[in-house]
Amino acid sequence: MNGRMIYLIGPSGSGKDSLLDSARDALAAQGCRIARRVITRSADAQGEAAEVVDPDTFARLEAEGAFAMNWYANGLSYGIPRVVDEWLSAGDDVLVNGSRGYLPEARRRYPHMLAVLLTVDHHVLRQRLHARSRESAEEIEARLARNAGFAETLMTGESDDLCLLDNSGSLAQTRERLLKLIAEHRLPD
Ligand SMILES: Nc1ncnc2c1ncn2[C@@H]1O[C@H](COP(=O)(O)OP(=O)(O)O)[C@@H](O)[C@H]1O
Ligand SMILES: O=P(O)(O)OC[C@H]1O[C@H](OP(=O)(O)OP(=O)(O)O)[C@H](O)[C@@H]1O
């Protein structure tokens with residue numbers, strides 16, 4: 001594979017989707033494609049350009065080998081279409097909105113990937129999740145609790161080869177830093 005896998009992770013509400021939307025054109029201009037996720041989220045809760053499918057369809061797609069990566073979290077199944085491997089082979093970079101829980105498996109599949117952890121101050125995160133109003137208060141608390149668990153392992157040095165990207169400030173600032181980070185990162189020889 002010639003292109004780079006760029007695996008963007010971070011708490012629900014940290015701004016992954018917003019960042020990808022805002023950086024889409026600039027990323028395309030530097031040869032980086034964004035994977036469109038397949039999610040078993042209900043269509044009316046959809047806040048991103050994901051393909052929404054029901055659980056049976058997801059299971060069938062998984063059994064058919066339609067996904068390069070897939071995971072289950074927050075009561076939902078998420079899949080990254082197999083086409084990303086063709087993009088990588090063709091020399092394009094691929095940016096994936098990933099899962100922290102799936103990080104070890106993603107690394108096994110793409111050993112040279114660039115993993116970027118989007119961080120945001122805990123209070124800001126809570127505010128943003130409520131302001132987004134996509135989940136119920138109970139679902140938001142479950143996400144915050146899940147985040148606290150990851151903060152223990154991801155932020156305390158157990159995973160050294162993560163690039164941290166703070167999104168507590170403006171989205172424009174975060175976008176510029178992401179573009180710079182990708183432009184400066186090189187695959188090992
Ligand atoms: N830098 C930012 N400043 C202010 N609000 C932001 C910023 N980044 C994201 N948001 C808002 O925070 C909420 C969560 O962002 P979203 O992109 O849905 O996060 P994620 O995809 O990580 O779950 C959205 O309402 C979004 O508009
Ligand atoms: O293992 P984790 O890092 O917790 O991630 C699990 C999933 O949760 C997030 O999705 P979510 O349903 O919140 O949608 P989002 O991408 O819009 O945040 C993230 O994008 C992952 O797909």
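Atoms within each ligand, like the ligands themselves, are counted from 1 in listed order. For the single chain, residues carry numbers from 1 onward in sequence order. All heavy atoms count here, side chains included; hydrogens, waters and symmetry mates do not.
Although no hydrogens or angles enter the test, the distance criterion places a donor-acceptor pair under 3.5 Å between the side chain of Arg177 and the main chain of Asp166.
Salt bridge annotation for Arg126-Glu141: present, with a cationic side-chain nitrogen under 4.0 angstrom from a carboxylate oxygen.
The CG atom of Leu103 lies 5.0 Å from the CE atom of Met113; values are rounded to the nearest 0.5 Å.
Atoms of ligand 2 lying under 4.0 Å from at least one heavy atom of Arg134, given by number and element, are 11 (P), 13 (O), 14 (O), 15 (P), 17 (O). Close approach of ligand 2 to Ser12 is summarised as follows: ligand atoms under 4.0 Å from at least one heavy atom of the residue are 13 (O), 18 (O).
Counting heavy atoms from C-beta outward, His185 and Ile182 have side chains that stay 4.5 Å or more apart. For the pair Leu144/Leu125, a side-chain contact is recorded, criterion being any heavy-atom separation below 4.5 Å from C-beta on.
For ligand 2, the polar-atom distance check against Tyr102 finds no nitrogen or oxygen pair separated by under 3.5 Å. Backbone and side-chain nitrogen or oxygen atoms of Gly101 are examined, and one is located within less than 3.5 angstrom of a nitrogen or oxygen of ligand 2.
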Legend entry - Worked verdict on Glu139 versus Arg143 for salt bridge (Lys or Arg N to Asp or Glu O under 4.0 Å): CA-CA 6 Å; Glu139 286 169 331; Arg143 278 165 162 76; 5.4 Å; no
- [ ] Quick one: do Glu184 and Lys180 satisfy salt bridge (Lys or Arg N to Asp or Glu O under 4.0 Å)? Show the steps, please.
- [x] CA-CA 6 Å; Glu184 287 174 355; Lys180 190 159 179 278; 3.4 Å; yes
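Taking the six-membered ring where the residue is Trp, the centroids of Tyr72 and Phe58 are separated by 6.0 Å or more.
Among protein residues, Pro11, Ser12, Gly13, Ser14, Gly15, Lys16, Asp17, Ser18, Arg128, Arg132, Asn167, Gly169, Ser170, Leu171 come within 4.0 Å of ligand 1, judged on heavy atoms.
When Ala73, Gly79, Gly98, Gly15 are ranked by how near their heavy atoms come to atom 21 (C) of ligand 2, first place goes to Gly98.
Of the residues Leu118, Leu95, Asn167, the one that meets the side chain to side chain contact (heavy atoms under 4.5 Å, CB included) test with Leu19 is Leu118.
Counting heavy atoms closer than 4.0 Å to ligand 2, residue Glu139 contributes nothing at all. By the criterion of a heavy-atom distance under 4.0 Å, the side chain of Arg132, and not its backbone, is placed next to ligand 2. At a 4.0 Å heavy-atom cut-off, ligand 2 does not touch Ile39 at all.
Linking Ile, Leu, Val, Met, Phe, Trp and Tyr whenever their side-chain heavy atoms come within less than 4.5 Å leaves Ile39 and Leu8 in two separate clusters.
No heavy atom of Ile9 sits closer than 4.0 Å to any atom of ligand 2.
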